[in-house]
**Q** 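Below is a structure I'd like to ask you about.
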Amino acid sequence: MKGDILFNNLFNIFIVSLIVEAAVMAVFSLAAFKYASNKKPIEIARDFFVLIVSVFICFNVSAISLFNKTGLNVPHPFDLAITSLVMVRLANLVRDFFASIRFEK
């Protein structure tokens, strides 16, 4: 296994997750969502939206793959699922970081 290529792929996924999180933040920062009394359904919808966007991006862009050119022979559906979940988790880390900066929590 080539660790440097795996790290490079992970960094590329992090950059894409930054872009995904910025786009989702733009949609879910509307004033109508800020004054909702129950924020839990909005958070669930937001997480689901990030998951769908991540799967769509990973499915359509073959260069965004965690195990691409690492020497590991992972079947495409598993690679797609793992890469999408890693992208969602990195997007959540970015969201938590921005929330801690803005003191939203």
Side-chain angles (χ1 to χ4, degrees):
M1 182 171 117
K2 300 175 183 171
D4 56 341
I5 295 176
L6 182 67
F7 181 74
N8 190 19
N9 291 344
L10 187 63
F11 185 74
N12 290 339
I13 292 170
F14 178 71
I15 297 298
V16 173
S17 68
L18 279 172
I19 296 167
V20 167
E21 183 58 33
V24 171
M25 262 192 203
V27 171
F28 282 90
S29 67
L30 299 173
F33 293 127
K34 286 189 177 190
Y35 299 112
S37 61
N38 191 0
K39 296 198 185 257
K40 195 65 175 171
I42 294 173
E43 290 176 12
I44 292 170
R46 186 182 183 293
D47 290 340
F48 184 72
F49 186 67
V50 169
L51 179 65
I52 295 299
V53 168
S54 297
V55 169
F56 180 75
I57 289 173
C58 291
F59 184 74
N60 286 326
V61 181
S62 62
I64 300 175
S65 173
L66 189 60
F67 301 111
N68 189 18
K69 299 178 185 172
T70 59
L72 293 174
N73 293 329
V74 178
H76 182 66
F78 292 127
D79 187 28
L80 176 69
I82 292 170
T83 304
S84 299
L85 291 174
V86 167
M87 188 180 298
V88 168
R89 182 63 192 138
L90 289 173
N92 286 338
L93 285 173
V94 170
R95 176 181 45 164
D96 292 342
F97 175 73
F98 285 140
S100 68
I101 290 174
R102 292 184 289 170
F103 302 112
E104 278 189 359
K105 287 191 168 184

**Q** Got a sec: does the CG of N73 have more than 12 other heavy atoms crowding it under 6.0 Å?
**A** no
**Q** Do F78 and L85 share a hydrophobic cluster (ILVMFWY, side-chain heavy atoms under 4.5 Å, transitive)?
**A**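 Yes, F78 connects to L85 through the hydrophobic network.
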**Q** Angle class for the F14/F11 ring planes (parallel below 30°, perpendicular above 60°, tilted otherwise)?
**A** tilted
**Q** Please answer: with hydrophobic residues joined when any side-chain heavy atoms are less than 4.5 Å apart, are F48 and V27 in the same cluster?
**A**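 Different hydrophobic clusters.
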**Q** How far apart are the C-alpha atoms of N9 and F67, what are their side-chain angles, what is the distance that settles it, and do they pass the side chain to side chain contact (heavy atoms under 4.5 Å, CB included) test?
**A** CA-CA 8 Å; N9 291 344; F67 301 111; over 6 Å; no
**Q** Distance check, rounded to the nearest 0.5 Å: I57 atom CD1 versus T83 atom OG1?
**A**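 I57 atom CD1 to T83 atom OG1 measures 12.5 Å (nearest 0.5 Å).
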**Q** Please lay out, stage by stage, how V50 and S54 fare under the test side chain to side chain contact (heavy atoms under 4.5 Å, CB included).
**A** CA-CA 6 Å; V50 169; S54 297; 4.1 Å; yes
**Q** If you group Ile, Leu, Val, Met, Phe, Trp and Tyr by side-chain heavy-atom gaps below 4.5 Å, do V16 and I52 land in one group?
**A** no
**Q** Could you give the distance from OG1 (T70) to CG (D79), rounded to the nearest 0.5 Å?
**A**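 These two atoms lie 8.0 Å from each other.
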**Q** Please answer: with hydrophobic residues joined when any side-chain heavy atoms are less than 4.5 Å apart, are L80 and L10 in the same cluster?
**A**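 In one cluster: no.
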**Q** Calculate, to the nearest 0.5 Å, the distance between atoms CG and CG belonging to L72 and L6 respectively.
**A** 7.5 Å
**Q** In sequence, state the C-alpha distance, the side-chain angles, and the governing distance for L51 and D47, and then conclude on side chain to side chain contact (heavy atoms under 4.5 Å, CB included).
**A** CA-CA 6 Å; L51 179 65; D47 290 340; over 6 Å; no
**Q** Nearest 0.5 angstrom please: S17 OG to R95 CZ, how far?
**A**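 Result: 12.0 Å between the selected atoms.
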**Q** Hey, could you give me the CG/NZ distance between N8 and K69, rounded to the nearest 0.5 Å?
**A** 10.0 Å
**Q** Can you name the residues that form a side-chain hydrogen bond (donor to acceptor under 3.5 Å, both in side chains) with R46, not counting sequence neighbours?
**A** E21
**Q** Test side chain to side chain contact (heavy atoms under 4.5 Å, CB included) on L90 and L93 and set out the steps.
**A** CA-CA 5 Å; L90 289 173; L93 285 173; 4.1 Å; yes
**Q** First locate atom CE of M87, then atom CG of L18, and finally report the distance between them rounded to the nearest 0.5 Å.
**A**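 Going from CE on M87 over to CG on L18, the span is 11.0 Å.
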**Q** Would you kindly confirm whether I15 and V53 end up in one hydrophobic cluster when ILVMFWY residues are joined by side chain heavy atoms under 4.5 Å apart?
**A**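 Shared cluster, yes.
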